[in-house]
Amino acid sequence: MRQFERKAAIEMESLRCEQTTLQQQQQQQQQQSAVTQTHRSSREDGAQEEVAGTHIFTYGSNDGEDDLSPSERDSRRRGDPCFHYTVLDQAWRATNTTSKFKMCDRNVKWKGWYRLFYNGKSIQMPERCVPVNKCGTHSPLWLSGPHPKRRQGIVTRSVCGHWKKKCCAFRSNPIQVKKCRGNYFVYKFTPPSSCYLAYCADINTLVCGRCRRNQSCVSRDKINWRCKTRRRSSKKVHFFASYPGQLLGKVNRIKYSKVLVNVGRAFNRRTGVFKAPVKGVYQFFFSTQTANSGLKTDLWLVVNNYWVAVSHTHIPRRSTTGSLSTYMTFLRRGAKVYVTHNCGRSWASAATTTITFGGSLLVQMR
C-alpha cells in the first residue's frame, strides 16, 4: 500500500511539471469552451432565444405545475437549481473522447449549478469507471454513487478518478446532485483534489434526453441505457365526517368536527372544506335529518363557490325524516368543496351520524 502511494506521489509530481508547460494551451482551450449562463422557463418545448449573447433555453410545462397559480410556480422555482444552472457543453468531456492537451478542472472557478450537454443534447455523469486518458484528461472523474431520484432532492455524492488500473485511485472532493423534471440532472461541481482530473460526461446517456415525462432512464450495467415507462399508482382519496349537534337556520359552512375517514388528508376538519389533491372525477354525498313538521330544510353542496346539489326535506306532519344526496363531478387540483345549511333545522347527537359529508376519488386524470 505504501509502495503504491509513493508511486502515485511521483506520478503526480510529474503531472504537475507537465501542467506548467501546457498551461497556456489549456487556457486558450478553456476560453474557446466558455460556458454560458442559462435559466429555464416554462414555454414551448425546444424553443430558445438569444439575449445579449446568452442562450436562454425554454421548455414545456412541468408535471404538477399546470394547476398552480403563477405566484405558486414562481415560489416553487425560486432558488431551485433545476431552473437556475449553467450549461456545460464541452465535447472533450465525453467518455469516448481523447485529446492531445489534457484538461484539469482544478483550474476552473466553479460557481453554482451546472447541467451537462454534448453538442446541445442533455447528458449526465457516468456511474462507472472510465478508462484513463478519456474525457480530455489523465484521470477521468466519475460518480461513485447512483444518481438520485427526484423525491430525494439534493444529495451529496462521492467522485472518483481512475488511474493505473485503480478506478478510485483519486478520491476527489464530493459534489451535490439533483434530479429535475424532464429526466436530467444538475451538478454543483467543486475543484478536484489535484491535476489532471476532469469531470466526465457519459456519451451512453444521450438516450436519456429522449425519455418522455412518464419514463425514467435506466441501466443494469451503467453502459447501455434505455427509457422505461414508470408505473403510476392512482392516488387514494376517501373521507367521511359527521356533525354531532344541531343546526338551525343559515350556516354558511358546516364544520364537520367528527372525522371518521380521511385517506389522502384532503378534508380539513377545522374549516369543513375538502380540497381536491389531484385532477380527476369525484363523487360526494351529504345527508341530514329533521323532525319539525311544516319546516323546510335545505343543505347545499358548494363547489368552488357554486351551489350545485341540494338535500331537501319538507315534512307535512310530525315525523323524523332523513335525506341523502349524491353528486359526481370533475375537479381540478385545488378545487374546494363544502356543505352549507341554507335553512330549516337538522339534528344529530354524538352517538349518531345523521348530518354527514363524504366523498371519494373515482378516477385520477393526468
Pair Ser287-Thr356, side-chain hydrogen bond (donor to acceptor under 3.5 Å, both in side chains): steps then yes or no: CA-CA 5 Å; Ser287 67; Thr356 64; 2.4 Å; yes
Stepwise side-chain contact (heavy atoms from CB on, under 4.5 Å) check, Lys279 with Phe330: CA-CA 8 Å; Lys279 181 168 62 175; Phe330 166 80; 3.5 Å; yes
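- Proximity of a side-chain donor or acceptor of Thr95 to a complementary backbone N or O of Ile203 within less than 3.5 Å is detected.
- Sorted by first and then second residue, the side-chain hydrogen bond (donor to acceptor under 3.5 Å, both in side chains) pairs involving residues 251-260 (not counting sequence neighbours) form an empty list.
- Among residues two or more places apart in sequence or in another chain, the disulfide bond (SG atoms under 2.5 Å apart) test is passed with Cys343 by none.
- SG distance check for Cys208 and Cys217: under 2.5 Å.
- Trp225 contributes atom CH2, which lies 5.0 Å from atom CD of Gln124 (distance to the nearest 0.5 angstrom).
- Side-chain heavy atoms closer than 4.5 Å link hydrophobic residues (I, L, V, M, F, W, Y) into clusters, and following such links, possibly through other members, connects Val159 to Val108.
- Taking NZ from Lys102 and SG from Cys135, the interatomic distance works out to 10.0 Å, rounded to the nearest 0.5 Å.
- Residue-environment remark: NZ (Lys149) stays at or below the threshold of 12 foreign heavy atoms within 6.0 Å.
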side-chain contact (heavy atoms from CB on, under 4.5 Å) evaluation trace for His238 with Ser360: CA-CA 4 Å; His238 308 284; Ser360 298; 2.9 Å; yes
Stepwise side-chain contact (heavy atoms from CB on, under 4.5 Å) check, Ser122 with Arg115: CA-CA 8 Å; Ser122 187; Arg115 180 179 175 185; 3.1 Å; yes
Intermediate values then yes/no, ring pair (Phe, Tyr, Trp, His ring centres under 6.0 Å), His147 and Tyr187: CA-CA 10 Å; His147 280 80; Tyr187 307 88; 5.8 Å; yes
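- Without hydrogens or angle criteria, Asp105 side chain to Pro191 main chain gives no donor-acceptor distance under 3.5 Å.
- The backbone N or O of Tyr196 lies less than 3.5 Å from a partner atom in the side chain of Thr137, making a donor-acceptor pair.
- Considering Phe267, Phe284, Phe286 in turn, Phe284 is the only one that fulfils the ring pair (Phe, Tyr, Trp, His ring centres under 6.0 Å) rule with Phe274.
- With Asp202 contributing its side chain and Met125 its backbone, the two residues share no donor-acceptor pair below 3.5 Å.
- To the nearest 0.5 angstrom, Ile123 atom CD1 is 4.5 Å from Leu206 atom CG.
- Using bins of under 30°, 30° to 60° and over 60° for the plane-to-plane angle, the ring pair His138/Trp163 lands in the perpendicular bin.
- Looking only at atom types and distance, the side chain of Thr297 has no donor-acceptor partner in the side chain of Ser346 under 3.5 Å away.
- The aromatic ring centres of Tyr243 and Phe357 sit 6.0 Å or more apart.
- To the nearest 0.5 Å, atoms CG (Leu248) and NE2 (His341) are separated by 7.5 Å.
- Side-chain atoms of Ser158 do not come within 3.5 Å of backbone N or O of Pro174 as any donor-acceptor pair.
- In the hydrophobic clustering of ILVMFWY residues, with side-chain heavy atoms under 4.5 Å counting as a link, Tyr306 and Val310 come out apart.
- Note: the hydrophobic cluster containing Tyr327 does not contain Trp300 (ILVMFWY, side chain heavy atoms under 4.5 Å, direct or indirect links).
- Judged as a ring pair (Phe, Tyr, Trp, His ring centres under 6.0 Å), and not counting sequence neighbours, the contacts of Phe240 are Phe285.
- Under a hydrophobic clustering in which Ile, Leu, Val, Met, Phe, Trp and Tyr are joined whenever their side-chain heavy atoms come within less than 4.5 Å, directly or via other members, Val273 and Leu301 fall into different clusters.
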Disulfide (SG to SG under 2.5 Å) evaluation trace for Cys160 with Cys167: CA-CA 7 Å; Cys160 284; Cys167 286; over 6 Å; no
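- The two residues Ala91 and Thr97 come nearest to each other via the heavy atoms O-OG1, 3.3 Å.
- Here CD1 of Ile175 is found 8.5 Å from CG of Leu141. Values are rounded to the nearest 0.5 Å.
- A distance of 7.5 Å separates CE of Met103 from CZ of Arg93, quoted to the nearest 0.5 Å.
- With hydrogens and angles disregarded, a donor-acceptor distance shorter than 3.5 Å links the side chain of Thr290 to the backbone of Arg345.
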Criterion side-chain contact (heavy atoms from CB on, under 4.5 Å) on Gln176 and Trp113, from CA distance to verdict: CA-CA 9 Å; Gln176 290 183 309; Trp113 292 80; 3.7 Å; yes
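- Ring geometry, Tyr199 versus Trp110: the interplanar angle exceeds 60°, so the pair is classed perpendicular (tilted spans 30 to 60°).
- The backbone N or O of Ser193 sits less than 3.5 Å from a side-chain atom of Arg106, completing a donor-acceptor pair.
- None of Asn107, Asn173, Leu197 except one satisfies the side-chain contact (heavy atoms from CB on, under 4.5 Å) rule with Pro192; the exception is Leu197.
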